[in-house]
Amino acid sequence: MSQSEKIAHSKLAVNRRDDHARQAPSPEPQTNSLAQWRLILYENRTLASAITAAVTGMLVGYPFDSLKTRMQTHHYSSLLECARKSITDEGIYGLYRGLLPPLLTASAAKSLSFSVFEQMKQWLRQHDPYKQANSLFGLPNFQRTTIGSVALTAAVSGWASGAVIAALCCPLELIKVQMQLASLVNKNTDSLVAASKTTTGQAATIGGNALVKPTCQNKRLASPHWARSNLSVFREIVRQRGFLGMYYGLGLHMMRDASGTAIYFSSYETVKETLRRLTGSDKTGVMTHMFSGGICGVLSWLLIFPVDLVKSTMQSQVLQPKNKQAFTSAWHCLRDIYGRRGLSGLYRGVSVSLIRAFPIHGLNFVVYEWARATICRVAARPE
């Protein structure tokens, strides 16, 4: 082969390699794409972590919430009796009635709640009008440098978060209550017809419904025609009360969620910060998150449970004609319950809430903190 042929052959080989290199996929765009996704995930770490915690908590805790609503609005001698009769009459599925709306919206609501909470904390810290004045007198401000400052910031941020969520979720909460109580309402209607023949229990009036003490039945309870699905409940409420009827009980819902969320976040961050300082650590672990979350869940329910009781009771009569409603206002409902049962009546059904509160809310924050830390670690960025 001549020299000129060798040169031509080598140029041809080089050109082929260049063409092959141009045709071969470059690993750099993939690397950049992965880095971009990590950055997006990191920037939305609060949303992603809250969604993960919300779905986990809802699947585990919903049956307890269903039992709580039944205990509040109907007569059962104990939590065990309520659970046994509910499962006997409706099966396990009955405890998950109405799950779909809160399951679909829990991720959105919780992510929004945590997002508003975190954004409000940052805003308060940046626009703290008491930063200088309070530091002179030793009073708490919004700089989160003391435990008092941490508690105050979390309480104000939590109140704002709860108010936003209440305004958005009131219609879904109303549908959930109707679905949870649908079979019992149908049962009570049938029971009243045969009340004179009933010898197994005395009639009672709880939550605005004339009730006969539940008795065991061999067949599963049927739901009213309007409670076949969440959509049918929505249609029935709109048919009877119009679209504004979907916000029946909004004031009580706002009071419960705003005050409850303020207590919830404030107690969680206060306990977590206190434990962190006691241990002298820069970071907090799973046990701290579990304990702090459990404490905040129990404390918030203890303080706002009477409001939740009145809210559930008032919302349970949304589909009753006005002239047949037992209570004309929240104040009327509160006075009636307190007058008949005293302070203990305002905490009817609290046992199931407290039983679920510690593990469910502890799990909620464990999952949230774990997901948040994992996202930061994957993105190789600070928490």
Side-chain angles (χ1 to χ4, degrees), residues 54-76 78-110 169-191 206-209 211-240 245-246 248-249 253 256 308-309 311-320 348-349 351-353 355-357 360:
V55 173
T56 303
M58 183 63 64
L59 292 176
V60 175
Y62 191 82
F64 294 96
D65 184 70
S66 185
L67 291 174
K68 182 263 298 179
T69 303
R70 292 163 185 249
M71 289 284 291
Q72 285 180 330
T73 58
H74 294 75
H75 178 74
Y76 293 96
S78 67
L79 171 60
L80 290 178
E81 183 197 25
C82 178
R84 181 174 60 82
K85 291 184 179 299
S86 297
I87 294 175
T88 300
D89 292 339
E90 304 173 57
I92 293 294
Y93 168 76
L95 298 181
Y96 280 93
R97 288 186 61 85
L99 172 65
L100 187 59
L103 182 61
L104 294 177
T105 59
S107 56
K110 181 147 293 193
C169 294
C170 183
L172 300 171
E173 180 86 2
L174 184 63
I175 292 175
K176 184 196 76 170
V177 170
Q178 306 313 308
M179 289 293 291
Q180 288 177 334
L181 300 177
S183 296
L184 291 175
V185 171
N186 205 36
K187 179 179 180 179
N188 293 334
T189 303
D190 296 338
S191 298
I206 302 294
N209 298 312
L211 309 178
V212 173
K213 186 177 181 180
T215 56
C216 292
Q217 298 179 0
N218 292 327
K219 60 181 182 180
R220 298 280 170 85
L221 293 177
S223 300
H225 67 89
W226 49 262
R228 300 302 183 186
S229 67
N230 297 292
L231 182 60
S232 64
V233 172
F234 169 78
R235 289 173 177 170
E236 184 67 15
I237 295 175
V238 172
R239 185 184 70 82
Q240 291 194 24
M246 294 303 302
Y248 188 87
H253 198 150
R256 184 199 70 173
D308 184 68
L309 171 65
K311 180 200 73 73
S312 295
T313 302
M314 291 297 295
Q315 287 185 328
S316 70
Q317 62 179 19
V318 64
L319 292 177
Q320 297 177 7
R348 183 173 183 81
S351 58
V352 64
S353 293
I355 288 173
R356 72 186 281 273
I360 294 300

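The basis for the numbers below is simple: all heavy atoms, side chains too, and nothing from hydrogens, waters or symmetry mates. The first residue in the sequence is number 1, and the count goes up from there. Please read these numbers as outputs of a predicted model, since none were measured by experiment.
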* CG on Leu172 to NZ on Lys176, rounded to 0.5 Å -> 10.0 Å
* **Rounded distance [0.5 Å steps], CE in Met71 versus CG in Leu309** => 11.0 Å
* Asked: How close do Ser86 and Leu95 get, heavy atom to heavy atom, and via which atoms?
  -> CB-CD2, 4.0 Å
* To do: Quick one: list whatever passes side chain to side chain contact (heavy atoms under 4.5 Å, CB included) with Leu79, sequence neighbours left out.
  => Leu67, Ser351, Val352, Ile355
* Asked: Under 4.5 Å between any side-chain heavy atoms of Tyr96 and Pro63, yes or no?
  -> yes
* Asked: What residues form a side-chain hydrogen bond (donor to acceptor under 3.5 Å, both in side chains) with Tyr62, not counting sequence neighbours?
  -> Gln180
* Asked: Are the side chains of Met58 and Asp65 in touch, meaning some heavy atoms are under 4.5 Å apart?
  -> no
* To do: Please answer whether the main-chain N or O of Pro171 pairs with a side-chain N or O of Tyr248 as donor and acceptor at a distance below 3.5 Å.
  => no
* Asked: About how many Å separate OG1 of Thr56 and NZ of Lys110, when rounded to the nearest 0.5 Å?
  -> 10.0 Å
* Asked: Can you check whether Gln320 reaches Gln317 side chain to side chain, under 4.5 Å on heavy atoms?
  -> yes
* Nearest atoms (heavy-atom pairs only) where Val233 meets Gln178 -> CG1-CB, 3.7 Å
* Could you tell me the separation between the CE atom of Met246 and the CD1 atom of Ile237, rounded to the nearest 0.5 Å? => 4.5 Å
* Asked: Just how far is it from atom CG of Leu174 to atom CE of Met179, taken to the nearest 0.5 Å?
  -> 12.5 Å
* To do: May I ask you to say whether Arg70 pairs ionically with Glu90, meaning some side-chain N is under 4.0 Å from a carboxylate O?
  => yes
* Asked: Looking at residues at least two apart in the chain, or sitting in another chain, which of them share a side-chain hydrogen bond (donor to acceptor under 3.5 Å, both in side chains) with Lys311?
  -> Glu173, Gln315
* Measure the spacing between CD1 of Ile175 and SG of Cys169 and express it to the nearest 0.5 Å. => 11.5 Å
* What pairs with Leu231 under side chain to side chain contact (heavy atoms under 4.5 Å, CB included), at least two apart in sequence or on another chain? -> Ser229, Phe234, Arg235
* To do: Look at the side chain of Ser316 and the backbone N and O of Thr313, then say whether any donor-acceptor pair between them is shorter than 3.5 Å.
  => yes
